[in-house]
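Each remark here refers to the structure printed beneath this line.
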There are 2 protein chains.
Amino acid sequence: MRIGELSERTGTPRRLLRYYEEQGLIAADRCPNGYRDYDERFVDRILQIRGLLDAGLPTRIIKQILPCLDKPRIIHFSDATPEMIATLEHERDRMTERIGCLVRNRDAIAEYLETVLSNDRARAAAARQASAGASAGASEG
Amino acid sequence: MRIGELSERTGTPRRLLRYYEEQGLIAADRCPNGYRDYDERFVDRILQIRGLLDAGLPTRIIKQILPCLDKPRIIHFSDATPEMIATLEHERDRMTERIGCLVRNRDAIAEYLETVLSNDRARAAAARQASAGASAGASEG
DNA sequence: TCGAACCATCACATTGATGTGAAGGTCAAG
DNA sequence: CTTGACCTTCACATCAATGTGATGGTTCGA
């Protein structure tokens, strides 16, 4: 598929697909005429990249961890230098921290929403109650 | 405490503490001489802000969700407009997505590391084995 | 009273992820 | 053969978060 289709299917501006390639995150084939040529797997790959970018990882780091995430990981045994291992361990820990932070704050938001919404429900119930009482002739003043 | 101490205790440049204030994320008291004056609670607050920034949330959003995260949330019932509720629900969902993405990729990294490291252990064991065999006089060509 | 170590504001620079548009090549359809 | 919808590269603009430095006020101890 060409860049336009990949762009549509991933909701990613062409500009950024070229940018990700420039940053070494993806490597597209080229048609004889110079057009970029992507296969199906790029769809998930782009989505993964965008998710990680959105989660705060810079392209530099994404570039490093992406190769380790392919299914047949047999190939990558030899090129696992000690520095690479250290980087991966560090990023893994950083991601765990991020996850903890996001979970804490998301749960706090969820709890807040739960409180506010249940409060709304109670108020709505009270309003129904009051209107029922009013239609029965009573009023509280 | 003044800005220097808060900076040290949170590992955050003074420049950024002022920036966060400018963005409305925090509101510091002022001493008579104009110096910013922070109390203990700012330490956690700054750490929370930095965590969220690191997790990809922009200051604009952090500013919106922070007030909902304070412990005595009784005050915030009235100012919970429908738009605010919608924003919070949206951000909660976005955070859940981010969490999912981070968890998936972190686990993949962890699994990769596990594989590589266990491979290393096996190789080390094999090396020990070989050296023991060599010291016993045998060799495999 | 002087200097060091704080603090203040202001302003300009940088970096990474993006937006946008120009200038031009390719290709299928009319 | 031209038009339109793709594609290419290149370049400059923007935005948010951050770095850095200038200029000057406050406080405190020698």
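Just so it is clear, the model here is predicted, and its values are computed rather than measured. Computation of the quantities below employed the complete heavy-atom set of this structure, encompassing side-chain atoms and omitting hydrogens, waters and symmetry-equivalent molecules. Here is the naming used below: chain letters follow the sequence lines, and residue numbers restart at 1 for every chain.
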Is the distance from OP1 or OP2 of [N] to the nearest side-chain N or O of [X] less than 4.0 Å?
X: A/T59; N: C/dA17; result: yes
X: A/R30; N: D/dT9; result: yes
X: B/N33; N: D/dT27; result: yes
X: B/R18; N: D/dG19; result: no

Check whether any side-chain heavy atom of A/I49 lies under 4.5 Å from a side-chain heavy atom of A/L66, and answer yes or no.
yes

Rounded to whole angstroms, how far apart are CG on A/D37 and C1' on C/dC27?
16 Å

Atom-pair distance (CD on A/Q23; P on C/dG16), nearest Å
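Rounded to whole Å, this separation is 8 Å.
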
Scan B/R14 against the nucleic acid and name what it touches under 4.0 Å (heavy atoms): base, sugar-phosphate only, or nothing.
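Since only primed, P, OP1 and OP2 atoms lie under 4.0 Å of B/R14, the category is sugar-phosphate.
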
Counting only side-chain heavy atoms from C-beta out, which of [options] sits nearest to [X]?
X: A/Y20; options: C/dT18, D/dA17, D/dT8; value: C/dT18
X: B/R15; options: D/dT18, D/dC12, D/dC7; value: D/dT18
X: B/Y35; options: C/dC7, D/dT18, C/dG16; value: C/dC7
X: A/I3; options: C/dA8, C/dA17, D/dC7; value: D/dC7

5' precedence on DNA chain D between A/R36 and B/R2 (nearest-nucleotide basis):
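Counting from the 5' end, the first nearest nucleotide belongs to A/R36.
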
5' precedence on DNA chain D between A/G34 and B/Y19 (nearest-nucleotide basis):
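The answer here is A/G34.
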
I'd like to know whether B/E89 forms a side chain to side chain contact (heavy atoms under 4.5 Å, CB included) with B/R92, so could you lay out the CA-CA distance, the side-chain angles of the two residues, the decisive distance to 0.1 Å, and finally the verdict.
CA-CA 5 Å; B/E89 287 176 331; B/R92 177 199 56 193; 3.9 Å; yes

Can you give me the closest heavy-atom contact between A/V43 and A/T10, atom names plus distance?
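Scanning both residues completely, I find the closest heavy atoms to be O-CG2, 3.9 Å.
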
